[in-house]
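Per chain, numbering begins at 1; letters A, B, ... match sequence-line order.
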2 protein chains.
Amino acid sequence: MSKAKRLNEMIMMVNRKKRFTVRELAEEFGVSKRTILRDLQELSEMGVPLYSEVGPNGGYQILNERVLPPIAFSEDEAVSIFFAIHALRHYLSLPFDIEYESIVKKFYLNLSGDIRDTIDRMQDRVDFQSIHQQEKIPFLKQLLDAAIQQDVLKISYETKGKTSSRTIQPIGIYAKEGKWYCPSYCFFREDYRVFRCDRIQSIERDETITPIDLSHITLKNRFSILNQKKERMEIYVELTKQGVETFQSVNWPNLFLRKRIDGSGYIEGVIEKHDIHFLSTYFISYGEHAMIKKPFELIERTKELINKVLNQYN
Amino acid sequence: MSKAKRLNEMIMMVNRKKRFTVRELAEEFGVSKRTILRDLQELSEMGVPLYSEVGPNGGYQILNERVLPPIAFSEDEAVSIFFAIHALRHYLSLPFDIEYESIVKKFYLNLSGDIRDTIDRMQDRVDFQSIHQQEKIPFLKQLLDAAIQQDVLKISYETKGKTSSRTIQPIGIYAKEGKWYCPSYCFFREDYRVFRCDRIQSIERDETITPIDLSHITLKNRFSILNQKKERMEIYVELTKQGVETFQSVNWPNLFLRKRIDGSGYIEGVIEKHDIHFLSTYFISYGEHAMIKKPFELIERTKELINKVLNQYN
DNA sequence: ATAACAGTGACAAATGTTGTCACTATCATA
DNA sequence: TATGATAGTGACAACATTTGTCACTGTTAT
């Protein structure tokens, strides 16, 4: 085994173990302890964050920020990573802002000038048109980490000018219409709530509360799990030929397009109560090319909205 | 200079040069040709796509797919790359689908099981709610490459059931409301046109046409450059306090929020004619919290849309 | 006090790398 | 056809780097 290979495999092994001793590694790799000490010195110089303790029950640990063995990407792969990071730029706040800066730096050190030019040119030649976020939102990373690790957090949360303290366990985070939301289990209400991330004022880990098991709850199934079936309803919308063409190029969860021979069609499926407002404006944008048949609530909401706007201009 | 350092710098140097000889590299690095031959053999084994020709005017070339020197990312950086790729998943077609697969593979080879679990868990705990694309669209990469390199393309394009041949030079690509668009210079019309990418049936490079210089035209400035100033108009929209709060969390280009002491406010700025339909439905969604004062066209379009929908339900 | 751990420096032995040499092969050009 | 400019191979001595052994130091929980 070459030295370079041994170092790579050592990075992976130390990443895997919580603690380890020099003796352990020497046996694992079939080299002397002295060589392991030298290798660990070299990993340290490479940026692997090693921490050692002497004495009984001593040994080595890796600090939190683990380093991967070096990976050789192709330049197309590097460009595509820049593309993906670029695609996120209209989100003013992301859980990984710091990481994206360091990633860009690491790549730029290794890219030849002509590929850097290509990437710079690409930034002006790709766009994703959607809502741009305006507000800077702290704590996204903590919320996402807490959701992944199933940690309990104590937050201060602002509603209607007042700040209250809440103890929550996040399920995840999602971005919608310019805002970030965090559905969580709220220990205060002993129920599930959705929190707006821009209203969270402070955040800290709360280890006095035992987390509940949310491993079977995800963003996708959170509503069905939470016994909110009453809030789901069937939808049926008639579409003209043009309406069909417009709807055809997008994919809404749980909405299905049925086409007729003449080119017209209809949408059927299941929607949730909290989507009523959004869907009413969505189908208003179809004009005469969509006609909502049910649910009643969606028709009423649409009419209500129409009348409110009409009153503005008459 | 250590061997590892020499190999890294050699990767960067060969990426930079179109062609090179063993002698050239030997002089550059101050080692023997025999050593260079060995090094090139080792780079080859690392995956650097080298290609050699013997005889006068011989030497080495790099095949298209250039490989970067290995980079050691932290695990947080790896997770953030997965996050960015995950954020793109509702785009059914991207210019870099193939690359994302190979990137994921390369990382997975080097990640310890617990970080892989973290990434898997994260996929279910972050969401970006927006329009999901339905249609698979080929040629995105070719269009983007052509825009970056300023190449002329011959495409077959389908409109209204007919397919025509066009010779274009793309400016860039953008995603909007479930579709990909490609604004280009059209040699047939001798003017600028926007093409829907899903309607492009085939694509090939056309080297018989000399490209024009589009380096000063980007997605951002394409409309102002293209002498379409007549199509821009001033906007003024009165907002209630609640309207202000809703508008505040997003950022539209060229739209500026002005607040009053009582919490209400107004929007002023400049819009473009092709945004009229979208903005009318956007402000309809505000209900009674937004009142358009100008432009006249936007008010009329809003009224028109409202009346069309109203006729559906009365 | 003891054992189990990390750690250091020195040096000979083992291993890896390098350059030289002699040779082969290919190919464009005069 | 000969020549010169290129890539390429294998062998081996010289040189460089790595490794393991050894003797020693220091820390810490029991």
- By nearest-heavy-atom nucleotide on DNA chain D, the more 5' of Gly30(A) and Arg23(B) is Arg23(B)
- Picking from dC27(C), dT19(D), dT6(D), the nucleotide nearest the side-chain atoms of Pro56(B) would be dC27(C)
- Note on the structure: Out of dT9(D), dT26(C), dT28(D), minimum distance to the side chain of Val54(B) belongs to dT26(C)
- Task: Can you tell me the distance, in whole Å, between the CD atom of Glu27(A) and the P atom of dG20(D)?
- Result: 14 Å
- Derivation and outcome, side chain to side chain contact (heavy atoms under 4.5 Å, CB included), residues Phe139(A) and Trp180(A): CA-CA 11 Å; Phe139(A) 309 128; Trp180(A) 282 100; over 6 Å; no
- Can you tell me if the side-chain N/O atoms of Arg6(A) get under 4.0 Å from OP1 or OP2 in dT19(D)? yes
- Message: Base, sugar-phosphate or nothing for Lys3(B)? Non-hydrogen atoms, less than 4.0 Å.
- Response: sugar-phosphate
- Query: Is any N or O donor-acceptor pair between the side chain of Arg38(B) and the base of dG16(C) shorter than 3.5 Å?
  - Reply: no
- Task: Look at Arg193(A) together with Asp191(A) and state whether they make a salt bridge at an N to O cut-off of under 4.0 Å.
- Result: yes
- Message: Under a 4.0 Å threshold between the charged nitrogen and the carboxylate oxygen, would Glu27(A) count as salt-bridged to Arg23(A)?
- Response: yes
- 5' priority, DNA chain D, between Thr21(B) and Ile36(A) [closest heavy atom]: Thr21(B)
- Message: So for atom CD1, which belongs to Ile212(B), do other residues, nucleotides or ligands contribute more than 12 heavy atoms lying within a distance under 6.0 Å?
- Response: yes
- Just how far, in rounded Å, is C1' of dA6(C) from OH of Tyr51(A)? 12 Å
- Message: Counting only side-chain heavy atoms from C-beta out, which of dT18(D), dT8(C), dC5(C) sits nearest to Arg34(A)?
- Response: dT8(C)
- Query: Is there a side-chain polar atom (N or O) of Ser32(A) under 4.0 Å from OP1 or OP2 of dT19(D)?
  - Reply: no
- For the pair made of CG in Leu37(B) and P in dT9(D), what is the distance, rounded to whole Å? 7 Å
- Query: Between dT17(C) atom P and Asp39(B) atom CG, what is the distance in whole Å?
  - Reply: 10 Å
- Query: Are Phe107(A) and Phe73(B) near enough that their ring centres are under 6.0 Å apart?
  - Reply: yes
- Item | Between dT17(D) (P) and Lys5(B) (NZ): distance, integer Å | 14 Å
- Item | Euclidean distance, atom NZ of residue Lys33(A) to atom P of dT8(C) [Å, nearest integer] | 14 Å
- Query: To the nearest angstrom, how far is Gln61(A) atom CD from dC5(C) atom P?
  - Reply: 15 Å
- Would you mind reading off the distance between Leu40(A) atom CG and dA6(C) atom P, rounded to a whole angstrom? 9 Å
